[in-house]
Engineer: 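First the structure, which I've put down as structure tokens, then a few questions once you've had a look.
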Amino acid sequence: AQEKLLGPIGATHTKFNKTNTGVTWMHSFLETTCEDAARFGYLILRKGNWNGTQIVSEEWVEEATSPSQEFNPGWGFLWWLNRPGSLVSIDNVLTPDYDEPSDLKLVPDAPDSMLWGLGFQGRLVQIDNATDTVVVRLGTGDEAQNMQEVVRLVTETMTDE
């Protein structure tokens with residue numbers, strides 16, 4: 001990852017953690033800074049291209065930010081898409097019979113093209129193709145409330161004259 005992904009985009013303060021047996025955690029436990037997370041967001045926003053160099057293929061980025069399966073069209077490859085789908089929450093982890101809504105968008109008032117990389121306790125990388133922006137939030141708190149608030153603040157800022 002350092003040689004092929006992190007190094008080329010200048011993400012020098014990011015590391016993947018490993019399990020006790022030495023296997024890299026690929027779905028969680030990434031240690032990063034706000035700036036490095038933004039770099040990764042911009043790589044996705046620019047369809048895998050970093051300053052004229054194709055780091056990952058445009059086809060892979062397109063596939064990763066599209067519905068990855070029929071079960072939940074709001075989920076790509078580790079990216080949440082702003083499309084109607086099942087909003088996985090702590091409720092359906094703690095209560096197996098919880099009836100999770102399957103037709104909700106993460107942020108109903110946000111553009112359909114918006115997507116998020118969501119992390120522990122509300123950390124997020126938000127990508128908005130419509131406004132060509134990446135927003136990173138490393139604080140803690142409720143994920144859904146954080147996304148709605150970030151979208152509101154950025155939208156208001158982008159539309160203020």
Engineer: Taking side chain to side chain donor-acceptor pair (under 3.5 Å) as the definition, give me every residue that meets it alongside Asn129, ordered by chain and number, with sequence neighbours left out.
Structural biologist: none

Engineer: Heavy atoms only: give me the nearest Leu124-Trp116 pair and the separation to one decimal.
Structural biologist: CD1-CD1, 4.3 Å

Engineer: Any side-chain heavy atom of Thr53 sitting closer than 4.5 Å to one from Ile55?
Structural biologist: yes

Engineer: CG of Leu6 to CZ of Arg39: how many Å apart, nearest 0.5 Å?
Structural biologist: 11.0 Å

Engineer: Where is the tightest heavy-atom contact between Trp60 and Val56, given as atom of each residue plus distance?
Structural biologist: CE3-CG2, 4.2 Å

Engineer: From Ile44 CD1 over to Glu62 CD, what is the distance, rounded to the nearest 0.5 angstrom?
Structural biologist: 11.0 Å

Engineer: Report the residues that fulfil ring pair (Phe, Tyr, Trp, His ring centres under 6.0 Å) with Trp79, sequence neighbours left out, ordered by chain and then residue number.
Structural biologist: none

Engineer: Using every non-hydrogen atom in the two residues, find where Thr32 and Leu138 come nearest and quote the distance to one decimal.
Structural biologist: O-CD1, 4.5 Å

Engineer: So which atom in Gly76 and which in Ser68 form the shortest heavy-atom distance, rounded to 0.1 Å?
Structural biologist: O-OG, 3.2 Å

Engineer: Hey, is CD on Gln69 packed in by over 12 heavy atoms from elsewhere, all under 6.0 Å?
Structural biologist: yes

Engineer: Does Ile9 reach the side chain of Tyr42, with side-chain heavy atoms less than 4.5 Å apart?
Structural biologist: no

Engineer: State whether the side chain of Arg83 and the backbone N or O of Pro73 hold a donor-acceptor pair below 3.5 Å, judged by distance alone.
Structural biologist: no

Engineer: Looking at Leu81 and Pro67, what are the two nearest heavy atoms and their distance?
Structural biologist: CD1-N, 3.4 Å

Engineer: So which atom in Ile127 and which in Gly41 form the shortest heavy-atom distance, rounded to 0.1 Å?
Structural biologist: CD1-O, 3.5 Å

Engineer: Listing request: all salt bridge (Lys or Arg N to Asp or Glu O under 4.0 Å) pairs with a residue in residues 40-57, at least two apart in sequence or in separate chains.
Structural biologist: Arg46-Asp132

Engineer: According to side chain to side chain donor-acceptor pair (under 3.5 Å), who are the partners of Asn82, at least two apart in sequence or on a separate chain?
Structural biologist: none

Engineer: Using the side chain to side chain donor-acceptor pair (under 3.5 Å) criterion, which residues pair with Thr65? Sequence neighbours excluded.
Structural biologist: none

Engineer: Would you tell me whether Asn17 and Glu31 have side-chain atoms, one donor and one acceptor, within less than 3.5 Å of each other?
Structural biologist: yes

Engineer: Side chain to side chain donor-acceptor pair (under 3.5 Å) with Thr19: which residues, sequence neighbours excluded?
Structural biologist: Thr21

